[in-house]
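Before any comments, here is the structure.
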Amino acid sequence: MFKKFSLFFLLISLTLSGQNKSQDASSFTKELDQKIPKLLEEFVVPGAAITIIDDGKIVLEKAYGYADVAKGKKVTTKTGFNIGSISKTIAAWGIMKLVEDGKIDLDAPAEKYLTRWTLPESDFDAEKVTIRRLLSHTAGLSLHGYPGWTPNDRLSTIEESLNGRNNGPGRVEMIMEPGTKWKYSGGGYTILQLIVEEVTGQKFEDYIQTQVLNPLGMKDSSYKIDKDILENSSLEYDNFGEQIDFELFTAQAAAGLHTTIEDFTRFAYASLYAHKNNKKYNKVLANKTVESMMEPAPVSNDSYGLGYQVETIPNTTYKLKGHGGANTGWHAFFRVNPETNDGFIMITNGGAGHNIYRQVYCDWIQWKTGESMGSRCVIKPSIAAKLKTIIDAKGASNVASAYNDLKTNKSGDYNFSERAINNLGYYYMGKKELTNALAVFKLNVDQHPESSNVYDSYAEALLENGNKEEAIVNYKKSIELNPGNTHGIEVLKTLNVDVSNIKTFEIDVAKLNDYVGKYQMAPELVITIAREENSLTAEPNGQRKVVIHPKSEDRFYVKEVEAEVSFSRDANGVVESMTLFQNGRSLVGKKIKE
């Protein structure tokens, strides 16, 4: 049963994007200008805006699509977008301004500046949670990212959010020795947000506005969502192009900045510290400070500085600094190369927006370097969006035949993944359209008869529709395929079904240590398997950690997404490799010897 999804691993065929690095800027941007509207249509994303800076000059700054589909209101370069975690980069400028002003010591313990909240007691040394480590995600803290609040919710205070009233992720706490490992923590930036308020005596949003945003000329940007921001903002849309609630954030530093493509282009120029006119654009920080923020921090795997992600394009010396951002209905991406005065920014207002910026970014990299970004470059639209248009127009009675026709005649045009169809089923369940939901889940069962998850989801819809006996049959089938489906077993118990004869698998916890280690799945992807008490976790570099559940010895599944993991042993019984299965594809990685 998967109601919420997160990106875990993307296993996609390696394909060149087909650009020619000898193209001039005019012909390249003309191609993008034609491509982007097509991508918006394919991925059901209402709108986007983009800026490309080449050798210090803007060669493309343009908006596409709609800010409000129902009213036909188009996106402009002055339309506001939430930029998710890119908010951290601007927040980091606010912290570094306080460092330059002598009000914060970069290597001092964070708690030196805190009176309204303290780190929970742990086995680790809180004195080592420094400002520098908070900025670089090396402070050993929990809480990867935040969901937003709806306009009808009461927002938490910063202290309440840190203590766990944050719509799901839990409290911020020390979970490893600071300074020993890189672990992304939006919670760490909420601590920095509180420190700004403690040190300045101002609200975080007000301090950043007066000390960072306004001096950079970003006067249409704000962490405070007021009437003016809302009037100029795009609406936000889900994966199916339908409008959703506008999200608000207590965790402003981590996820809450609203900006326009014009404003954020100003920030990109301010980040180009070597540009001959940098003093015109950057009136906040010294150039050497900005440069230092882009240097990889210790134990960050050369991937993160102080608020900036660090990326070197494979097979090149082309080094990019920036950040990515995603909140429900919003996706954004930002990269600059200060050595060449190049930049790329793209912001979108749809749940599938990341699929668009990734392809356009790959085209840009191909144009700049001649190198393909491989698996990041070619993504097919979800079959779920296509099926939704069919169901909404004609009903669900013929959805199976429509699916089979598309898979037979247009197999290369769509992503036919099990998860995509399951998403659509839960979409209709959320709208209480159970006839459509049941048809979609039944289609998934027919297409993926060996998947435990599809039976579990179908059973859930059947039960909600009052089909108790059919639901029981499908829960049992789900458990038969995956004895680790404890959720299904618990549901059967509530239905007074005797589960004493259902075989479940319990792994010998003493063997969990066999799997612990790092696995090199691809040049850019390392997955760390760790033990936490009597369970295992998997953490891809740069992504959040998830629990993996045993199905049998050496075989596990990921509950949050439709993925399985299996381990292989050598002749002596020692685990030597791991295989990831997802979306009908597999990826094998060798265990790294340490």
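The first residue in the sequence is number 1, and the count goes up from there. Because only heavy atoms are used, hydrogens play no part in the values below, and waters and symmetry mates are left out as well, while side chains stay in.
Between the CH2 atom in Trp117 and the CD atom in Glu198 there is a gap of 11.5 Å [rounded to 0.5 Å]. In this structure, CZ in Phe344 is found 14.5 Å from CG in Asn337, a value given to the nearest 0.5 Å. Taken from NE2 in His275 to CG in Asn341, the straight-line distance is 5.0 Å, to the nearest 0.5 Å.
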What's the verdict on side-chain contact (heavy atoms from CB on, under 4.5 Å) for Glu539 and Lys183, showing C-alpha distance, side-chain angles and the deciding distance? CA-CA 9 Å; Glu539 184 176 9; Lys183 186 182 189 308; 3.7 Å; yes

Evaluate the criterion side-chain contact (heavy atoms from CB on, under 4.5 Å) for residue pair Leu320 and Tyr361; output intermediate values, then yes/no. CA-CA 12 Å; Leu320 293 161; Tyr361 175 63; 3.2 Å; yes

side-chain contact (heavy atoms from CB on, under 4.5 Å) between His258 and Ile225: does it pass, once the steps are laid out? CA-CA 8 Å; His258 223 66; Ile225 308 302; 3.9 Å; yes

Hey, mind stepping through Arg154 and Glu160 against salt bridge (Lys or Arg N to Asp or Glu O under 4.0 Å) and telling me if it holds? CA-CA 11 Å; Arg154 178 183 75 81; Glu160 286 176 331; 3.2 Å; yes

Please assess Val284 against Val290 for the test side-chain contact (heavy atoms from CB on, under 4.5 Å), listing each intermediate value before the final yes or no. CA-CA 10 Å; Val284 177; Val290 179; over 6 Å; no

What's the verdict on ring-ring contact (aromatic ring centres under 6.0 Å, His included) for Phe81 and Phe264, showing C-alpha distance, side-chain angles and the deciding distance? CA-CA 10 Å; Phe81 291 73; Phe264 205 79; over 10 Å; no

Check against salt bridge (Lys or Arg N to Asp or Glu O under 4.0 Å), Glu339 and Lys319: CA-CA 8 Å; Glu339 295 179 0; Lys319 295 182 180 180; 5.5 Å; no

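When atom types are taken as modelled, the side chain of Asp226 and the backbone of Ile229 share a donor-acceptor pair closer than 3.5 angstrom. Between the side chain of Tyr113 and the backbone N or O of Ile131, no donor-acceptor pair lies under 3.5 Å. In this structure a side-chain-to-backbone donor-acceptor pair under 3.5 Å is missing from Asp220 to Gly80. One N or O on the side chain of Thr250 and one on the backbone of Ser156 form a donor-acceptor pair closer than 3.5 Å. Between the side chain of Asn82 and the main chain of Ala255, a donor-acceptor pair closer than 3.5 Å is present. Checked by atom type and distance alone, the side chain of Gln193 pairs as donor or acceptor with a backbone atom of Ala253 at under 3.5 Å. Judged by distance alone, the side chain of Thr289 and the main-chain N or O of Leu285 form no donor-acceptor pair under 3.5 Å. Formation of a donor-acceptor pair under 3.5 Å by the Asn287 side chain with backbone atoms of Tyr273 is found in this model. Panel note: side chain Asn166, backbone Gly170; a donor-acceptor pair is recorded below 3.5 Å.
Side-chain atoms of Thr150 and Asp245 include no donor-acceptor pair closer than 3.5 Å. Side-chain polar atoms of Lys518 and Thr528 form a donor-acceptor pair below 3.5 angstrom. Side-chain N/O atoms of Arg133 and Thr138 include no donor and acceptor closer than 3.5 Å. The closest side-chain donor-acceptor pair between Gln209 and Asn214 falls under 3.5 angstrom. Counting only N and O atoms by type, the side chains of Ser87 and Gln252 include no donor and acceptor under 3.5 Å apart. Neither side chain, Tyr308 nor Glu295, offers a donor N or O lying under 3.5 Å from an acceptor on the other. Side-chain contact, Glu311 with Ser303: no donor N or O sits under 3.5 Å from an acceptor N or O.
For Tyr146, the side chain to side chain donor-acceptor pair (under 3.5 Å) partners two or more places apart in sequence, or in a different chain, are Thr190.
Taking the six-membered ring wherever Trp is involved, the centroid distance between the rings of Tyr281 and Phe267 does not fall below 6.0 Å. Between His323 and Phe334, the ring center distance fails the sub-6.0 Å criterion. The ring of Tyr207 has its center no closer than 6.0 angstrom to the ring center of Phe204.
The salt bridge (charged side-chain N to carboxylate O under 4.0 Å, His left out) pairs that include a residue from residues 342-357 are Asp342-Lys368, where partners are two or more places apart or lie in different chains. Residue pairs satisfying the salt bridge (charged side-chain N to carboxylate O under 4.0 Å, His left out) criterion with at least one member in residues 100-122, sequence neighbours excluded, are listed as follows: Lys97-Asp101, Asp107-Arg132, Arg116-Glu159, Arg116-Glu197.
With Tyr357 as the fixed residue, the ring-ring contact (aromatic ring centres under 6.0 Å, His included) test singles out one of Phe43, Trp330, Phe333: Phe333.
In this structure, Trp182 and Tyr304 have tilted ring planes: the angle between them lies in the 30° to 60° band.
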